[in-house]
Each structure stands twice: as structure tokens, then as C-alpha cells.
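Data block below; observations after.
Values in this document were obtained by computation on a predicted structure and should not be read as measured data. Excluded from the calculations below are hydrogen atoms, water molecules and symmetry mates; all remaining heavy atoms, backbone and side chain alike, are included. Every chain is numbered from 1 and lettered A, B, ... according to where its sequence line falls, protein lines coming before strand lines.
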Amino acid sequence: MKPSIPKGTRDFLPKQVNKRNYIFRTIEGVFKLYGYVPIETPSFENIDTLTGKYGDEGDQLIFKILNSGDYLAGVDREELAEISSGKLADSIAGKALRYDLTVPFARYVVQHQNDLTFPFKRYQIQPVWRADRPQKGRYREFYQCDVDVIGSASLHNEVELIQIIDQVFSELGVSDFKIGINHRKILAGLAEGLSIESNFNDLVTAIDKWDKIGEEGVTKELSSKGLGGEAITAVMKYAKSSSLSHIGDILQNTKGERGMEEVNMILTELENLGVSSCAFNASLARGLSYYTGTIIEVIADGFSGSICAGGRYDDLTGIFGMKDISGVGVSFGADRIYDLMEERQLFPSDTNVSTELMFANFGAEEASFCLSLLKEVRVAGIVAELYPDAAKMKKQFSYADAKHIPYVALVGADEMAKNELTLKNMASGEQRTINSSDLVKELKR
RNA sequence: GUGGUUGUAGCUCAGUUGGUUAGAGCACCUGGUUGUGGUCCAGGGGGUCGUGGGUUCAAGUCCCAUCUUCCACCCCA
């Protein structure tokens, strides 16, 4: 059988895992610094928890898990022939892999509300799955690093999250990231002003493509959705606006003004804090249907796709029976951040420090003698290992070379008798015999 | 889900208008070196040519289907 893994999934080599862990550690460190606490949720949820939360397109991308046992037992055999695959899925799949971390989080908050203190600030770093066609920067299994605060409508949360984003990318060394913000109420106000509320979703998805397909493309798309020329002209004027003051005269209604006010407050706070990476972006809209307030997206120059995104959702917990709880959060796409950092060679060289010293294995007696020396160097904090088999020296040295181990210690019968060892520097090739009690001192030099 | 693209050794790839026994580099193993890697030399193992069907005297090569890769759309981290 030829080994393979499912479409859109990946294996990771040790080097890659070390780099990925560097990203996770950096992000987690920042999350903790702002007082967020970790949670975890199962990799799969009851399917009802997930369906209907991400729009029709999103539902299609949820991986469903076939029921165990006789999964056709509950299906009417007579109807089976004509049943639609969508309906069949409902009756044979009761569980599904999580699609993101936000919806399971809403479920978690409702379920554990008695054990949580609100406002609840949590972070969560776990994989999610989407049955999407893989392409550049898009995988079927990938990690999200979510930070959310739920149970507070204060804009301080938005400000804090943007500070976190700014700090994470600064620490990772991604210099040219741009944080864009907008507000669903601004978009809603735009729709209201133009009396096109029924086309709100069309408006959102069309505007969101502005950077990609431009004025002409968006015009074409809105027109195909049945919007009139007057409305389209107004939308164009809106989307082209580069600042809040420019859109003021287009949005003269309470919704729009409220949104502008909030964005303005956030930007003012950020300015006071010296965070300059964040700016208003009128053409930012975001597809996910649960956003109701601020929306945030981070991009890097010349890199396709967003590397971090999120927003405020006023009633995600409502569907699980807990009303009037507002939350806001963002999600870092660890795999895209990895691709970006790899492309720009931003990983520090020490993410892959490994064994510093290897003891060659000359046989049972010598190896046994090395064990106490091994223990000693490890106590001193030196990463060390003993070659497990008494293989030929050529093989043992090849191993050390392949693993880029800088020092090899040779303890054969002669050295053992004199309580000495021969230490070889693999880079220079030079080697000398020292007293074994000087080993740690020698390596620390 | 739609359109395109890719698949030959563990990896990267050659392979002529269809023609005998499918090659190279790297990697791996053995030896040159019974205590020495990274260089060198000699030798070796490893392929149902993604899979299934078809055309043909003959298919890695042509046709169909399917899976996979990558890219774009939709949508999204």
C-alpha cells in the first residue's frame, strides 16, 4: 500500500514543528500577558451546534462524521432511493468536526456559565477543519489561535485586541502587516440609507472583494444582484472613501453614525497608545454572518489572504439560550503566518537547537560508563544523547553529522581506563583527550 | 461545488513520431577505513510508470473514468 494522507492535510518534519511551536509560543505569550486564560473544546461537536452558523456556503464546508454502528438503521429504506444527500447526511451524521473556534466557544460559555466569571477572557489554540478545496494558503486542517472576551460590550476590548495583534506581529518580526477595521453598523447604515436592507448580505460579500476585483468587479456583482444604478454609485462612493470623515455625508442615519462613532473611538484610543498599524477600511466587510459590530482583518503586503481576522458578535450565545451577551474576538491563522514567515525568512535561527553532544557507542560496557557522564552534562543543561547501538563509527559519525550535532565524545576502553574521553569538534574536525570531569567545563567554554 | 493543472525510485526530475530489459542526480545500504562524519572511489538494493478500463501486434507515451497535486473562482485563517 502506498502511504498517503488525505487531501489538504500535512505531515510536519521536526524542523517545521519547531517553527510552528515558535509561532504558538509567541502568540500564547502575548495572550497571557493581557490576562486571557486557556480553554479547550472537543475536536468534534454535535452537528446541530455547528450548522446554520456560517451561512449556506459554510454549512457545505463542515466535515460530517458518520454515525458509528449501523448508521442506516434509522433511515427509511423505502425513502432511501429518493432521499437527497443533504437530508441523508442529517440522519446518518450526528457529529461534525469543528469549523472554527468561535461557535464552539459560544456553546461552551452557555454550557459553563455558572463556572465562568464575566467578562470572560479566553484564548484557544486548536486545529479546525474545513471541507474546502485546498489551494495557496488554504488547508483542510489548520490551526486557529483565538482570543475573545465575552460578556462585555466595551470598546476597550476592541482596543485591547488590536494591541494584541500589533504586539504579536511585531514580536514575530512581520514588519509590514496592516490592521484594517470597519463596523457592521456602518455597512448596515449604508444599506438602510439606500433602502437595500434586503440585499445586505450581497452588499457585504461584494464590498469585501473590493481589493481583489476593484470598482468594476464590484459594480458588476452588485448589478447582477439587482441593485439599481443610483445605489451602486453611492456604494462606489462609499467604498472609495479612505477615511471616516469622507463617509459622513453618505451615512446620515443612527445606525451608520453609531458605527462611525465606535470606530472613531477605537482609532482615537489606539492613536493615544501609539499603535499606528491600524486604520479604517471602508471596503472591509467580512463574510461570516454572525458579526454585528466592529470587524477586523490583518493582511501583510504582497501576501494573499488574511493572516488574522475577527469581530464583534452581539448574540452568538443567543442560539444556545443565553441572551444579550456580547463578545468580540480575533483569530490568528497560524498556518498562513507560518507560510508568510517562511517566505520572508523571519524565523530565528535558534528555533531548531537540538543535541549539542553525542556519546559514541563502543559496546555495552563503554555505553554503560557513558550513562553517568550523560546524566552529568544533562544536569548542567546540555542537550546530550548516547548513540543507542554499538554500530560502526562511520555510521555513528554520519548520524551526528546529519543531525548537526557539534560535539561527539568518544569513550572507548582506553579512555574508560584512565577516566578520560576524546572530544571531537565536528565543525573543525579537531579532537583532543580530556579528563572526563572537565567535560562540562569544556563544553561551556 | 465550478474551471484549469499535475502524477515515472524515498526526494527532484529525464524518458524522442507508441517499439526490445524505464534512466539520472540526491538519499539509503555495503566495501575501500575492525576508533572517525562532512570530500573521494567501487559496488548494491529499490519502480505493477497514481488507480481502473479502453485502443493497438505493441502503451510510461494515445483515449475515457477516477483519485491526487498545485492554481483560480465561490468562500475563508
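- Of all nucleotides present, none satisfies the Watson-Crick or G-U wobble test against B:U6 with each distance under 3.5 Å.
- Looking at heavy-atom distances under 4.0 Å, A:G58 makes no contact with the nucleic acid at all.
- Among the protein residues, A:R286 comes within range of the sugar-phosphate backbone only, with heavy atoms under 4.0 Å from sugar or phosphate atoms but none that close to a base.
- In this structure, the CG atom of A:L61 is 14 Å from the P atom of B:U2, given to the nearest Å.
- Spacing of P atoms, B:G25 relative to B:A9, comes out at 16 Å, to the nearest Å.
- Checked by atom type, the side-chain pair A:Q16/A:R20 shows no donor-acceptor distance below 3.5 Å.
- Residue order along RNA chain B, read from the 5' end via each residue's closest nucleotide, puts A:L410 first among A:C308 and A:L410.
- The same atom, C1', is picked in B:U8 and in B:A22; the two are 8 Å apart, to the nearest Å.
- In terms of phosphate contacts, A:Q60 brings no side-chain nitrogen or oxygen within less than 4.0 Å of OP1 or OP2 of B:G1.
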Step-by-step salt bridge (Lys or Arg N to Asp or Glu O under 4.0 Å) determination, A:D314 to A:R184 = CA-CA 11 Å; A:D314 278 334; A:R184 275 292 167 87; over 6 Å; no
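- Taking only side-chain nitrogens and oxygens, A:K392 never comes nearer than 4.0 Å to OP1 or OP2 of B:U30.
- Comparing B:A77, B:C29, B:C75 by their closest approach to the side chain of A:T205 singles out B:C75.
- Closest to the A:M426 side chain, of the nucleotides B:C76, B:G37, B:C71, is B:G37.
- Residue side chain A:R133 does not reach the base of B:C75 through any donor-acceptor N/O pair under 3.5 Å, judged by distance alone.
- The base of B:G37 is paired with the side chain of A:D401 by a donor and an acceptor separated by under 3.5 Å.
- Residue side chain A:R138 reaches the base of B:C75 through a donor-acceptor N/O pair under 3.5 Å, judged by distance alone.
- Nearer the 5' end of RNA chain B, as judged by each residue's closest nucleotide, is the contact made by A:S398, out of A:D100 and A:S398.
- B:U69 atom C1' lies 13 Å from atom CZ of A:R140, rounded to whole Å.
- Base pairing of B:A24 is made with B:U12, judged by Watson-Crick or G-U wobble geometry with both donor-acceptor distances under 3.5 Å.
- Between A:K136 atom NZ and B:A77 atom P the separation is 19 Å, expressed in whole Å.
- Nucleotides B:U39 and B:G35, compared at atom P, are 23 Å apart to the nearest Å.
- Using a 4.0 Å heavy-atom distance criterion, A:A427 is classed as a base contact.
- Among the heavy atoms of the strands lying under 4.0 Å from A:K395 are primed sugar atoms or P, OP1, OP2 only; no base atom is included.
- Salt bridge status for A:K395 with A:D389: absent, with no side-chain N to carboxylate O gap under 4.0 Å.
- Between A:K394 and B:U36, a side-chain N or O to OP1/OP2 separation shorter than 4.0 Å is absent.
- With respect to the salt-bridge test (charged N to carboxylate O, under 4.0 angstrom), the residues A:E385 and A:K403 qualify.
- No close placement of the A:F369 and A:F359 rings is indicated, their centers lying 6.0 Å or farther apart.
- Nucleotide B:A59 forms no Watson-Crick or G-U wobble pair with any nucleotide shown, as no partner meets the under 3.5 Å limit on both distances.
- In A:D56, the CG atom is not crowded: 12 or fewer heavy atoms of neighbouring residues, nucleotides or ligands sit closer than 6.0 Å.
- Only the P atoms considered, B:A24 is 12 Å distant from B:G43, to the nearest whole Å.
- Using atom C1' as the reference point in both B:A72 and B:C64, the two lie 26 Å apart (nearest Å).
- In the displayed structure, A:H112 atom NE2 is contacted under 6.0 Å by more than 12 heavy atoms of other residues, nucleotides or ligands.
- If you check every strand for non-hydrogen atoms under 4.0 Å, A:E415 touches a base.
- For B:A77, the base is stacked against the aromatic ring of A:F142, per a cut-off of 5.5 Å between centres and 30° between planes.
- Judged by distance alone with a 3.5 Å cut-off, a donor-acceptor contact links the side chain of A:Q431 to the base of B:U36.
- Counting non-hydrogen atoms under 4.0 angstrom, A:Y139 reaches a base of the nucleic acid.
- As rounded to the nearest Å, B:U17 and B:C62 have P atoms that lie 11 Å from one another.
- Regarding A:D11, its CG atom lies at a distance of 12 Å from the P atom of B:U69, rounded to whole Å.
- Annotation: B:G18 and B:U30 have their P atoms spaced 44 Å apart (nearest Å).
- Among the heavy atoms of the strands lying under 4.0 Å from A:A309 are primed sugar atoms or P, OP1, OP2 only; no base atom is included.
- As a whole-Å value, the separation of A:K225 NZ from B:C74 P is 11 Å.
- Per the geometry, NZ belonging to A:K212 stands 11 Å off P belonging to B:C76, to the nearest Å.
- Among the protein residues, A:G217 comes within range of no part of the nucleic acid, since none of its heavy atoms lies under 4.0 Å from any strand.
- At a threshold of 4.0 angstrom between heavy atoms, the contacts of A:Q144 are confined to the sugar-phosphate backbone, with no base atom among them.
- Between A:D11 and A:I5, the shortest heavy-atom distance links the atoms N-CD1, 3.8 Å.
- Look at A:R122 and A:D148 and you find a salt bridge, because one of the NZ, NE, NH1 or NH2 atoms lies within 4.0 Å of a carboxylate O, short of that distance.
- The base of B:U68 has none of its N or O atoms less than 3.5 Å from a complementary donor or acceptor on the side chain of A:K7.
- When heavy atoms are screened at a 4.0 angstrom cut-off, A:F362 is found touching base atoms of the nucleic acid.
- Looking at heavy-atom distances under 4.0 Å, A:G55 makes no contact with the nucleic acid at all.
- Distance from the side chain of A:F397 is smallest for B:G37 among the nucleotides B:G35, B:G37, B:C73.
- Taking the C1' atoms as reference points, B:U33 lies 48 Å from B:G19, given to the whole Å.
- We find that CZ of A:F24 is positioned 16 Å from P of B:A77, with the value rounded to whole Å.
- As rounded to whole Å, 7 Å separates atom C1' of B:A72 from atom CD of A:Q135.
- Note on A:K209: every side-chain N or O is 4.0 Å or more away from OP1 and OP2 of B:C73.
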